[in-house]
2 protein chains.
Amino acid sequence: MAKPDTEAKPDPGTGAKTPRERYRAQVREEIKDRAWEQIATAGASALSLNAIAKQMGMSGPALYRYFAGRDELITELVRDAYRSLADALRAAAADGADLARLAHALRDWALADPHRYFLVYGTPVPGYHAPADTTAIADEIVALLLDACTALLPAGATTPLGAHLQEHRTWAEGHPAPPAALQLAMNLWTRLHGALSLELAGHFTGMGFDPARYFAAELDGLPASGR
Amino acid sequence: MAKPDTEAKPDPGTGAKTPRERYRAQVREEIKDRAWEQIATAGASALSLNAIAKQMGMSGPALYRYFAGRDELITELVRDAYRSLADALRAAAADGADLARLAHALRDWALADPHRYFLVYGTPVPGYHAPADTTAIADEIVALLLDACTALLPAGATTPLGAHLQEHRTWAEGHPAPPAALQLAMNLWTRLHGALSLELAGHFTGMGFDPARYFAAELDGLPASGR
DNA sequence: GAGCTTCCGTGATACCCTCTAACTAATTCT
DNA sequence: AGAATTAGTTAGAGGGTATCACGGAAGCTC
């Protein structure tokens, strides 16, 4: 108790941690992996700490050494999902800010694991509230879209809705996007989400048409690339 | 609910339903009412047969006399939700087929009980598969949209995407909508759903702008009313 | 109205889940 | 080596779904 920490917490950057911390991080990672498996097959609502523990050969309550509870695990997964999406979009935007590239990166990411998409953009979980740091990542995602939209439009471009968005804007503040770019980014987001989420939820099954084609058409019809 | 289902279980000979059947229907109705209360406050995933039973003053397993299980209750609620939406839209379409009226009826219906909207158009429940008769109501809803869209467009109107939709169409077959109307209906559906579901899920909170205005703008921007 | 039948509601039970608490055993620190 | 920390265990409270056998009330028939 009386000791100052002479204890080694020395190299926060390199990952040279104590064995305990290494082990701990490793187990946490395995837990999350199993959790993703469960989510991928049965959705987030079916996630069971107990089942994960058994799968890992240990018994129930042991997991509470690693996560305070189911909610914290889910929070962590949401965080990872956001980060993963941000990474995917950033990678797509790396070689040229192109709406189409961005859009298809989004669709590919969603199709790769639909339940992961729903974890982020789906029906909100009753008690759950996203912590500040995940909304920060969400902001980054929006900023990526804004970048691409801004690049497509003349500097002062504006629209009626764009003006409204500009006037009451408390998001991505500091980003020099013209009003029309705000609208374009919003349209990109909500329209692609509309098409994608209905497709993933299975509402298109049995209708006969090709969801990819519909998605592409929605992309083409965006107010900036079309006209 | 207000409607005493008139001849749902016709009893030839006596004409009136037996007291048993009346009672049974009444209890089923009360169970569903309580279920809707729970859903409205905590979402479908928090629905508990046990809690409903206790709330009604009877003990757990009694409910299994009325519903085979949680899934059947939810199925019934989904069915009712679909029917309720179809009614709302039909009422809106009754006095003039107008996309705006339809759209705002949809939004009002969704805002009245967001969890009900998500029950129908949200993240799919893991094990749950919609029975044929709910998809029939879903078809009716689509048909309502199609009617309104058809009324707005010239008889043979077509678009590239519309042609594709027409060519691989296994929905609302028999409806004499021109290809362009198919596309318009799809756009109406997916775009409004995109804006609405993100709003209801809380993804717009903290962004500052007015969701109603955004929704209205999306409606205005539809490929038929705009140009 | 007596008797038969049908159906409602109950308690007991099995099996899931989350999560807490007390205890043991291993690991690490001094 | 001894002390402190921490991982993992079992036990158990509390809640959920769902099945079962039973008692009793309601309806139906004569």
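Quantities reported herein were computed from a predicted structural model and do not represent experimental measurements. Note on naming: letters A, B, ... go to the chains in the order of the sequence lines (proteins, then strands), and numbering restarts at 1 for each one.
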Contact under 4.0 Å: Y23(A) side-chain N or O vs dG8(D) OP1/OP2: yes
Is there a side-chain contact between S48(A) and the phosphate of dC17(C), meaning an N or O under 4.0 Å from OP1 or OP2? yes
Starting from [atom2] on [N], measure out to [atom1] on [X] and report it in whole angstrom.
X: E72(B); N: dT17(D); atom1: CD; atom2: C1'; value: 14 Å
X: R22(A); N: dT27(C); atom1: CZ; atom2: C1'; value: 17 Å
X: N50(A); N: dG16(D); atom1: CG; atom2: C1'; value: 14 Å
X: M58(A); N: dA26(C); atom1: CE; atom2: C1'; value: 15 Å
X: L47(A); N: dT18(C); atom1: CG; atom2: P; value: 8 Å
X: E30(B); N: dC8(C); atom1: CD; atom2: P; value: 15 Å
X: Q26(B); N: dC7(C); atom1: CD; atom2: P; value: 18 Å
X: K54(B); N: dT17(D); atom1: NZ; atom2: P; value: 10 Å

If the plane angle is over 60° it's perpendicular, under 30° parallel, otherwise tilted; pick one for H203(B) and Y121(A).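 If you compare the ring of H203(B) with that of Y121(A), the planes turn out tilted.
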Hey, what's the ring geometry for H193(B) with H193(A), parallel, tilted or perpendicular (30° and 60° as the breaks)? parallel
With a 4.5 Å cut-off on side-chain heavy atoms, are T75(A) and F67(A) touching?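 Not in contact.
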When you measure from the side chain of R24(B) to the backbone N and O of R65(B), does any donor-acceptor pair fall under 3.5 Å? yes
Test applied, side-chain contact (heavy atoms from CB on, under 4.5 Å); reference residue, R107(A); option that passes from L200(A), L219(A), L196(A): L196(A)
So, applying side-chain contact (heavy atoms from CB on, under 4.5 Å) with Y66(B), which one of L49(B), L73(B), V27(B) is it?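 Of all the options given, the one that passes is V27(B).
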Scan nucleotides 18-30 of chain D nucleotide by nucleotide, 5' to 3', and note B when protein non-hydrogen atoms come under 4.0 Å of the base, S if they reach only the sugar-phosphate, - if neither. BBB-----BS---
Using a heavy-atom cut-off of 4.0 Å across all strands, would you classify Y66(B) as base, sugar-phosphate, or nothing? sugar-phosphate
CE on M207(A) to CD on E199(A), rounded to 0.5 Å: 12.5 Å
